[in-house]
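Only one structure is covered here, and it is reproduced in the block below.
Predicted, not measured: the structure shown is a model, and the values here were computed from it. For this chain, numbers begin at 1 and follow the sequence in order.
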Amino acid sequence: MLKTLTLFAASLTLSSLRHFRRSAVMAMLTFFILTSLATYLANFIALPMTFNISTRSEVLELTTVDTTSFYIDNGTVTSGRLFPDENDAPTTNTFRGLVEIGPNVHVSLTRVGNGPITLHVTPDQNRADRALPPLRVQSAPTNATSPDLPASTFPETATFRIDIDKAPFTGAIVGDRATVGRVSHHSDLFETLPTLREGRIDVIASSLLTDVRYNVLTIDLAIGDQAEIIDNRVGGGILGCVISATPSTPALDYSCRAIGSAVKISRIHTQPYTMKPTLWDYVKADPVLTSLLALLGTMMVVALQNLLGPRHKPSPPKTH
């Protein structure tokens with residue numbers, strides 16, 4: 001009898017030990033996978049993201065990073081010195097032709113309501129690249145038989161006033177330290193200050209296991225907002241915009257793409273704040289990631305139940 005009980009106890013101990021080891025290994029493996037996945041996701045969401053910006057705004061400001069050009073069908077150009085003295089008077093001339101803007105130039109595009117477009121160009125004194133002229137203009141010939149006019153360069157500042165009553169305006173520009181919209185508190189004596197009218201920013205990311213793109217977060221912009229893309233690596237994010245304006249539609253329509261870490265929103269009577277997707281935003285948006293986390297969570301629960309829950313005890317051997 002004693003020998004039988006001893007054998008039963010040994011069998012129970014060995015079975016419990018084996019069960020505990022299997023459950024412990026499964027729990028540790030699941031925990032390791034979850035921890036590794038969480039670490040990967042934390043590093044993944046810290047990477048620069050793609051921002052799609054669609055707005056109707058009366059103002060866009062940026063500093064060019066590459067050469068860009070605009071065709072102006074009907075306008076005027078006013079040129080002057082960046083730091084004029086009392087003897088320097090700006091000159092204004094009618095203009096139709098091509099405007100070529102070099103890199104490291106601060107550009108401001110404004111259009112209040114259905115009025116004309118104002119393109120203001122100023123070289124960035126902190127990052128001036130003298131290898132290329134900040135501004136170069138090529139006037140269009142008056143008719144098909146007229147010879148091409150020589151190009152002119154502007155070493156200082158220039159302002160173009162573009163009339164779009166007869167032809168729409170379309171262009172593209174790439175720059176950094178860009179702001180869409182402007183937080184305006186007061187108008188001045190000479191003009192109504194431009195503002196953002198409406199807009200939306202979509203944050204785009206790639207799926208965890210595929211190259212499929214999906215929308216992680218949508219940020220709605222209200223009238224009067226100012227949006228700026230932030231890149232933690234270099235400061236301001238690189239922004240590329242296609243710009244369109246028609247006589248019947250107020251302001252300027254922008255379709256922009258930017259690479260950055262977050263978007264900074266400025267609103268009247270509030271402190272500026274940054275917005276970017278959270279880990280939960282990624283989990284909700286990516287069906288592959290959602291399914292993977294659900295599977296791993298189920299494995300973790302089963303492993304813990306087997307490890308901590310009641311276990312089946314083997315029946316004692318029958319004695320005669």
Original post:
For N104, does its backbone N or O pair with a side-chain atom of T64 as donor and acceptor, under 3.5 Å?
Top reply: yes
**OP:** With the side chain counted from C-beta on, respond yes when I164 and R111 share a heavy-atom pair under 4.5 Å apart, and no when they do not.
**Re:** yes
**OP:** Would you check if V105 and T122 make a side-chain contact, meaning some heavy-atom pair closer than 4.5 Å?
**Re:** no
Subject >> side-chain hydrogen bond (donor to acceptor under 3.5 Å, both in side chains) evaluation trace for T218 with D202 >> reply: CA-CA 5 Å; T218 296; D202 293 320; 2.9 Å; yes
Original post:
Can you find a pair of side-chain heavy atoms, one from T55 and one from I201, that are under 4.5 Å apart?
Top reply: no
Subject >> Verdict with reasoning, D281 to V203, per side chain to side chain contact (heavy atoms under 4.5 Å, CB included) >> reply: CA-CA 10 Å; D281 291 323; V203 185; over 6 Å; no
Subject >> Single-linkage hydrophobic cluster M275~V216, side-chain heavy atoms < 4.5 angstrom >> reply: yes
Original post:
Only one of H106, R182, H120 forms a side-chain hydrogen bond (donor to acceptor under 3.5 Å, both in side chains) with E61, so which one is it?
Top reply: R182
**OP:** Quick one: pull up OG1 in T67 and CD in E100 and give me the separation to the nearest 0.5 Å.
**Re:** 6.0 Å
**OP:** Could you grab the distance from atom OG1 of T179 to atom CD of Q226, nearest 0.5 Å is fine?
**Re:** 5.0 Å
Subject >> Any donor-acceptor N/O pair, E228 side chain to R177 backbone, under 3.5 Å >> reply: no
Original post:
Does some side-chain heavy atom of I238 sit less than 4.5 Å from a side-chain heavy atom of D231?
Top reply: no
Original post:
Can you hop from V263 to I223 via hydrophobic side chains spaced under 4.5 Å?
Top reply: no
**OP:** Tell me, yes or no, whether the heavy-atom count around R197 atom CZ, taken from other residues, nucleotides or ligands under 6.0 Å, exceeds 12.
**Re:** yes
Subject >> Cluster check F51, I219: I/L/V/M/F/W/Y, side chain < 4.5 angstrom >> reply: yes
Original post:
Between the main-chain N or O of V121 and the side-chain N or O of T157, is there a donor-acceptor pair closer than 3.5 Å?
Top reply: yes
Original post:
Can you find a heavy atom in the side chain of S244 that is under 4.5 Å from one in the side chain of V242?
Top reply: no
Original post:
When you measure from the side chain of E58 to the backbone N and O of T195, does any donor-acceptor pair fall under 3.5 Å?
Top reply: yes
Subject >> Backbone N/O of T159 and side chain of T118: donor-acceptor pair under 3.5 Å >> reply: no
Original post:
Do Y71 and R96 come within less than 4.5 Å of each other through their side chains, counting heavy atoms only?
Top reply: yes
**OP:** Applying side chain to side chain contact (heavy atoms under 4.5 Å, CB included), run through N52 and R257 and close with a yes or a no.
**Re:** CA-CA 5 Å; N52 289 346; R257 305 291 181 271; 2.7 Å; yes
Original post:
Quick one: does F160's side chain get under 4.5 Å of V137's, heavy atoms only?
Top reply: yes
Original post:
Can you tell me how far OG1 of T274 sits from CD1 of I230, rounded to the nearest 0.5 angstrom?
Top reply: 8.0 Å
Original post:
Are the side chains of V77 and T92 in touch, meaning some heavy atoms are under 4.5 Å apart?
Top reply: no
**OP:** Mind checking the CZ-OG1 spacing from R161 to T78? Nearest 0.5 Å is all I need.
**Re:** 9.5 Å
Subject >> Within one Ile-Leu-Val-Met-Phe-Trp-Tyr cluster: L119 and L98, side-chain cutoff 4.5 Å >> reply: no
Original post:
Hey, what do you get for CZ (F70) to CD1 (I243), rounding to the nearest 0.5 Å?
Top reply: 4.5 Å
**OP:** Look at the side-chain heavy atoms of Ile, Leu, Val, Met, Phe, Trp and Tyr, link any pair under 4.5 Å apart, and say whether L252 and V107 land in one connected group.
**Re:** yes
**OP:** Give a yes or no on whether a salt bridge exists between D220 and R200, defined as a side-chain N under 4.0 angstrom from a carboxylate O.
**Re:** no
Subject >> Shortest non-hydrogen contact between P277 and Y282, atoms and distance >> reply: CB-CE1, 3.8 Å
